[in-house]
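These numbers come from the heavy atoms of this one structure, side chains and all, not from hydrogens, waters or symmetry mates. So you know, we letter chains A, B, ... as the sequences are listed, proteins then strands, and number each from 1.
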Amino acid sequence: MSARGKAGTTREDKRARTLVTPEGLTLPITLAPRASRAGALIIDVMIIVFGLVVFRLLMSWIAQGLLAGTMLDPDELSGGALEFLNIVYVLIVFATWYGYFLVQELGPRGATLGKRMVGIRIAARGQSRLTPEAVIARNLLRDIEIFYPLITLLILTVAAQTGEPVGALGWVLAGWFLLFLLFPFFNRDALRAGDVVAGTWVVERPRTKLASVLSVQGAVAAEGASEVTGARYQFGDAELSIYGERELQTLERMLRDAPDEALHAVHATICRKIGWDPGAGDERAFLEAFYGQLRAKLEADLRFGKRKADKFS
Amino acid sequence: MKAPIISSWFGRGQVEAPPDIESATLRSDRFRLEREGDWKRLEAILVRMEKGGLRRIADDDLIALPALYRTAASSLSVARETSLDAATLAYLEGLVQRAWFQVYGPRQSFLRWLRSFIFGGWSRAVRELWLDICIALFVMVAGTVVGWLLVAQDEAWYYRLYPGRIGDPRQPGASREELLQVIGHDEGAAGLAGFAAQLFSNNSGVCILAFALGFAFGIPSLMLLVHNTAMLGALLWLYDGQGLIVDLAGWLSVHGTTELFGILLSGAAGLHIGRAMAFPGKLPVLGSAAAAGRRSAVVMVGVVIMMIVAALLEAFPRQLVTDTGSRFVIGGSMLVFWLAYFILYRPAPRAGDAA
């Protein structure tokens with residue numbers, strides 16, 4: 001991994017962390033970017049609010065039914081029934097607000113619907129397990145970080161517009177809100193206050209599919225022989241010792257996904273580097289053959305404990 | 001944010017036959033082809049676990065899971081030393097990480113946790129916070145005394161602590177009858193249930209605030225406690241002026257023993273986090289805060305339950321029972337119940353319970 005260090009810290013590397021499993025295996029994990037966390041929260045809040053609005057409409061529809069049952073005379077209305085609806089509503093709002101996050105984050109995916117959509121999940125920092133206490137703590141803190149100051153600010157704004165004196169309270173609240181909102185920007189792991197208290201962090205959910213095996217197809221499998229021209233590409237030791245692992249893996253990515261035009265450029269570069277005369281029309285076979293032989297050589301060296309990280313080493 | 005992989009949404013379930021192992025020219029690819037079946041089986045189990053928990057998984061799959069996880073983990077460490085196939089390495093890293101989340105993931109569902117919480121976990125967590133509870137109790141008593149003294153010296157303080165609501169007779173100079181009427185009773189049970197639900201929502205909000213403010217080294221939690229109890233002190237002073245303090249105490253005690261206890265616990269929980277951050281001891285600050293946060297979160301779930309009880313008490317018995325003696329009996333027995341539950345109830349932690 002020294003090659004990565006040399007290449008300078010890109011945005012991707014800044015978010016890379018390692019996790020040591022109880023078996024002693026180090027696993028790379030990537031912290032979730034702040035933008036996708038904000039996006040996930042917005043999606044979640046929208047789902048909750050939308051659900052509650054629909055529920056409220058349903059309740060008022062039921063209440064209208066009650067009203068109709070009394071010949072539209074509000075005095076006849078049984079207080080008990082309306083009161084019951086009201087209690088159910090208050091309790092459901094409370095249960096939804098906290099339950100939505102708690103139940104989903106404790107589930108096997110460790111993510112709410114919004115987090116799942118953007119492909120992130122929560123995890124315990126370090127090597128510990130995620131516990132219900134941690135999930136509860138991080139979700140209780142969310143309220144004071146964002147929602148209390150936001151709602152109070154809204155109330156204050158309305159109060160100020162109706163002419164009531166508000167004073168410095170608005171500024172204090174705005175400062176508070178900003179403090180917690182910007183909290184993730186002032187620590188390395190992008191923790192929000194709730195994460196600090198709960199000992200959690202938010203990581204990207206890996207979803208890599210197993211790619212195809214390269215050495216059973218094309219010129220890699222045919223030991224350098226091209227299907228198009230029938231020519232056989234054989235590279236000598238000197239030609240294969242120019243590149244290292246980093247270049248090999250770049251070439252692998254190109255062979256897997258790049259369009260043919262991009263392969264032309266790579267083909268030309270490699271030919272120039274190893275002193276061959278670049279032909280045309282058989283680029284893919286050439287690159288596959290080069291890839292197969294370079295990988296065979298580097299892997300053979302690897303078995304003897306020699307690593308060549310990139311072309312500079 | 002990664003772009004969603006569209007092909008993973010469709011084309012599910014079609015598994016192409018793996019290529020012949022002998023056809024691979026590279027040794028590392030043969031290594032991969034030999035083990036690929038196990039990896040794919042592990043992935044299929046993981047997908048089902050992530051979707052719907054453990055119920056949908058066949059028993060032999062579940063038994064095989066730890067072995068498959070270890071196989072994948074060992075494949076990864078071998079592949080790191082022998083293979084330069086970046087795609088396979090990335091796949092294995094992702095697979096082992098997903099399996100790690102499932103194998104070492106949360107062991108309990110929310111409902112199971114709730115059961116172990118009520119039968120032992122809650123009272124244990126409260127006892128762990130004893131020092132913070134003592135401090136918070138001291139602060140609350142001090143706040144009450146301060147509130148009383150302030151108002152006794154200067155009546156203007158009363159209006160500052162208790163911003164007068166229009167139509168509220170609880171003001172200095174109010175007559176004995178007016179004050180008695182407030183703590184009397186309502187017309188009947190109508191409207192009380194809705195009142196209880198509102199009270200609960202409001203009170204638990206205050207408690208969660210007291211807890212969460214502990215994040216700023218606990219000081220705002222204490223200030224919130226002082227403010228709330230100073231209001232109580234002012235109210236006590238007002239009723240004392242008319243010789244009604246016993247009646248007021250009875251009126252308050254019905255729900256107050258539960259509610260003030262809950263506020264005490266949430267203040268203590270906030271203070272606990274603040275203290276852990278200010279004086280982390282040997283642990284790093286983040287570790288200390290996280291440990292304290294988990295302990296206090298347990299207490300806070302309990303506080304929410306106490307607030308439900310308090311709201312029910314406040315809405316029904318307090319308004320329906322008008323006799324001061326009976327009110328003291330209800331409040332007193334609630335207090336005895338909580339104290340006994342927190343101090344005397346010490347079941348042995350069962351194996352497997354996350355403490």
Heavy-atom cut-off 4.5 Å, strictly under: side chain, backbone, both or neither for B:V96 against chain A? both

For a 4.5 angstrom cut-off between non-hydrogen side-chain atoms, does A:L210 reach B:K40? yes

Output yes when a side-chain donor or acceptor of A:E299 lies under 3.5 Å from a complementary backbone atom of B:R27, and no otherwise. no

Testing the basics here: between A:A198 and B:A290, what is the closest heavy-atom pair and its distance to 0.1 Å? C-CB, 4.0 Å

Closest approach of B:D85 to A:R256 (non-hydrogen atoms, all atoms of both residues): OD1-NH2, 2.9 Å

May I ask you to test the B:R294-A:R138 pair for a side-chain heavy-atom distance under 4.5 Å? no

Working to the nearest 0.5 Å, report the span between OG1 of A:T131 and CH2 of B:W113. 9.5 Å

Can you tell which part of A:F147 gets under 4.5 Å to a heavy atom of chain B, answering side chain, backbone, both or neither? neither

Value rounded to 0.5 Å, distance of OG in B:S28 from CG in A:L298: 11.0 Å

Using a 4.5 angstrom heavy-atom cutoff, name the option from A:A134, A:G39, A:A32 with the most pairs to chain B. A:A134

Residue from A:G119, A:G107, A:A124, A:S212 scoring the most non-hydrogen pairs under 4.5 Å with chain B is A:S212

Among the listed options A:M117, A:E145, A:R253, A:R121, the residue most often paired with chain B at heavy-atom distances under 4.5 Å: A:R121

Of all heavy-atom pairs between A:R129 and B:Y104, which one has the smallest distance, and what is that distance? CG-O, 3.2 Å

Between B:I308 and A:F94, is there a side-chain heavy-atom distance shorter than 4.5 Å? no

Part of B:I273 lying under 4.5 Å from any heavy atom of chain A: side chain

With a 4.5 angstrom heavy-atom cut-off, which part of B:A87 approaches chain A: side chain, backbone, both or neither? both

Interface moiety of B:S288 toward chain A, non-hydrogen atoms closer than 4.5 Å: neither

Evaluate the side-chain contact (heavy atoms from CB on, under 4.5 Å) criterion for residues A:Y98 and B:V304: first the C-alpha distance (whole Å), next the side-chain angles of each, then the deciding distance (0.1 Å), finally the verdict. CA-CA 11 Å; A:Y98 292 101; B:V304 171; over 6 Å; no

Distance, nearest 0.5 Å, that separates CE of B:M49 from CZ of A:R109: 12.5 Å

Kindly say whether B:L84 contributes a backbone atom to a donor-acceptor pair with the side chain of A:Q249 at under 3.5 angstrom? yes

Look up atom CD1 in A:I29 and atom CD in B:Q97, then write down how far apart they are to the nearest 0.5 Å. 6.0 Å

Shortest non-hydrogen contact from A:L302 to B:S83? CD2-N, 4.1 Å

Bottom line for A:W176: the part with an atom under 4.5 Å from chain B's heavy atoms is side chain

Sort B:R295 into side chain, backbone, both or neither according to what part of it lies under 4.5 angstrom from a heavy atom of chain A. neither

Does the pair B:L286 and A:D189 meet the rule for a side-chain contact (heavy atoms from CB on, under 4.5 Å), with working shown? CA-CA 11 Å; B:L286 284 186; A:D189 293 339; 5.6 Å; no

Most contacts with chain B, counted as non-hydrogen pairs under 4.5 angstrom, among A:A137, A:A193, A:A300: A:A193

I need the minimum non-hydrogen distance between A:G292 and B:L26, along with the two atoms involved. O-CD2, 3.9 Å

Contact between A:L25 and B:W100 at the side-chain level, heavy atoms closer than 4.5 Å - yes or no? no

What part of A:I120 gets closer than 4.5 Å to chain B, counting heavy atoms only: side chain, backbone, both or neither? neither

dist B:M300:CE -> A:E133:CD (nearest 0.5 Å) comes out at 14.5 Å

Structural part of A:V203 lying under 4.5 Å from a heavy atom of chain B: side chain

Any side-chain heavy atom of B:L76 sitting closer than 4.5 Å to one from A:L27? yes

To the nearest 0.5 Å, atom CZ of A:R295 lies from atom CG of B:D29 at 4.0 Å

